[in-house]
Protein chains: 2
Amino acid sequence: MAENTQHSHRPPSVSDITDMLAQHGIAHTQQRNKIAQILFARPQHLSADQVLERVNSEGNIASKATVYNTLGLFARKGLIRELIVDSSKVFYDSSTHAHHHFYHVDTGELQDINAQDLVVQHLPDLPEGSELERIDIIVRLRAKAE
Amino acid sequence: MAENTQHSHRPPSVSDITDMLAQHGIAHTQQRNKIAQILFARPQHLSADQVLERVNSEGNIASKATVYNTLGLFARKGLIRELIVDSSKVFYDSSTHAHHHFYHVDTGELQDINAQDLVVQHLPDLPEGSELERIDIIVRLRAKAE
DNA sequence: GTCAGTGCAAACCCTTTGCAGAAAG
DNA sequence: CTTTCTGCAAAGGGTTTGCACTGAC
């Protein structure tokens with residue numbers, strides 16, 4: 001049974017990937033499969049450039065345009081999450097469940113914070129006519145100056 | 001007495017601006033003064049482009065390079081705060097006191113949330129060797145689909 | 001055969017930089 | 001005078017796009 005999802009911490013099988021794409025209404029192609037395999041190998045935060053590099057690390061699988069287009073598609077379809085943390089590039093998070101992030105400003109490294117470890121006490125009333133999309137919490141860290 | 005600061009909600013006078021720059025170790029020039037006047041006229045969130053436009057709305061005061069350089073300088077010196085909210089551009093917040101933001105994803109509009117209206121219940125232990133720089137909370141909103 | 005997906009290169013846009021000239025003290 | 005700041009234009013870097021080609025049903 002193909003019950004792995006992007007929430008699992010075990011690498012999904014090829015058929016899990018196929019199912020995952022299908023469930024989100026995404027046609028599967030060689031390139032999309034490979035990109036999904038890389039993303040969902042484990043919970044991680046990758047830039048488009050890093051994905052491109054890994055996709056083609058063992059042969060030419062996908063072009064830059066396809067990687068960008070595919071990451072955008074996956075994000076729109078809810079398979080992955082765009083993280084806006086750094087003004088110079090976007091990161092893609094292969095975990096979409098509610099959680100937050102440490103961001104090491106010196107290294108550019110991202111690290112998960114479990115949702116239950118960082119709870120918002122009381123959300124203020126939302127402005128008229130708007131509804132909540134999501135709450136992003138970024139805890140910015142720097143190397144400790146001893 | 002020039003007691004207005006960027007925390008005030010009353011537009012600071014010219015001499016307040018001069019003092020503010022001096023207190024942050026920034027030499028004052030015609031361009032920097034004008035940019036500061038625009039930023040601190042009221043608490044607001046402006047992109048570099050918006051600042052550029054306003055600076056030159058009544059005559060050529062500063063070039064694009066100067067506006068970018070000055071905003072970067074002000075942010076490094078702590079007069080203003082860089083907001084990373086949108087992958088396409090940086091916003092500068094003329095309020096540096098602790099507070100958070102609503103972000104209307106449809107319109108790109110930013111709105112303040114008072115720090116006391118959105119409290120983090122318990123911060124998880126920070127990773128070894130790191131110290132807190134700051135916590136950014138962005139409440140992303142979309143137009144309500146009625 | 002049809003239509004969606006892909007690849008390439010060029011375009012884009014925000015931002016940064018190099019360097020010569022201007023301004024401030 | 002000397003040093004810092006400014007302006008211009010060009011370069012930079014991540015991302016998007018136009019369009020012809022490919023490939024899957």
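Given the structure is predicted, the values throughout are model-derived calculations rather than measurements. Note on naming: letters A, B, ... go to the chains in the order of the sequence lines (proteins, then strands), and numbering restarts at 1 for each one.
One finds a salt bridge joining B/Asp136 and A/Arg140 here, because a Lys/Arg side-chain nitrogen approaches an Asp/Glu carboxylate oxygen to under 4.0 Å.
Residue A/Thr29 places no side-chain N or O under 4.0 Å from the OP1 or OP2 atom of C/dA4. Within the structure, every side-chain polar atom (N or O) of B/Ser63 is placed at least 4.0 Å from both OP1 and OP2 of D/dT6. Distances shorter than 4.0 Å separate some side-chain N or O of B/Gln31 from OP1 or OP2 on D/dG7. A close approach under 4.0 Å does not occur between any side-chain nitrogen or oxygen of B/Tyr68 and OP1 or OP2 of C/dT16.
Atom-to-atom, CG of B/Asn69 to P of C/dC14 comes out at 17 Å; the value is rounded to the nearest Å. With rounding to whole Å, B/Asp86 atom CG is found 11 Å from C/dC14 atom C1'. Taking atom CD1 of A/Ile26 as the reference point, atom C1' of D/dA24 lies 17 Å away to the nearest angstrom. Rounded to whole angstrom, the span from the NZ atom of A/Lys89 across to the P atom of C/dT16 amounts to 14 Å. Here the P atom of nucleotide D/dC5 and the CZ atom of B/Phe74 are 11 Å apart, to the nearest Å. Computed from coordinates, the A/Arg32 CZ to D/dA24 P distance equals 13 Å when rounded to whole Å. Rounded to an integer number of Å, the gap from CD of A/Gln30 to P of D/dC25 is 12 Å. Following rounding to the nearest Å, B/Lys34 (NZ) and D/dG7 (P) show an atom-to-atom distance of 14 Å.
Comparing B/Lys64 and B/His28 by the nucleotide of DNA chain C whose heavy atom lies nearest to each, the residue mapping closer to the 5' end is B/Lys64. Along DNA chain D, the nucleotide nearest B/Ser87 and the nucleotide nearest B/Val67 are compared for position; the residue whose nucleotide lies closer to the 5' end is B/Val67.
Comparing atom distances between the A/Val90 side chain and each of D/dT15, C/dC8, D/dT6 picks out D/dT15 as nearest. Out of D/dC5, D/dT15, C/dG7, the shortest distance to the side chain of B/Ala27 is found at D/dC5. Minimum atom distance to the side chain of A/Ala48 is reached by D/dT15, of the listed D/dC5, D/dT15, C/dG25.
The CG atom of A/Asp125 sits 8.0 Å away from the CZ atom of B/Phe102 when rounded to the nearest 0.5 Å. To the nearest 0.5 Å, atoms CD1 (A/Ile138) and CD1 (A/Ile84) are separated by 8.5 Å.
In this structure, A/Phe40 and A/Phe74 have parallel ring planes: the angle between them is below the 30° cut-off, well short of the 60° mark.
B/Leu123 and B/Val119 are members of different hydrophobic clusters when ILVMFWY side chains are connected at heavy-atom separations under 4.5 Å.
Here A/Leu52 lies out of heavy-atom contact (under 4.0 Å) with every strand. Within 4.0 Å (heavy atoms only), A/Ser47 reaches no atom of the nucleic acid at all.
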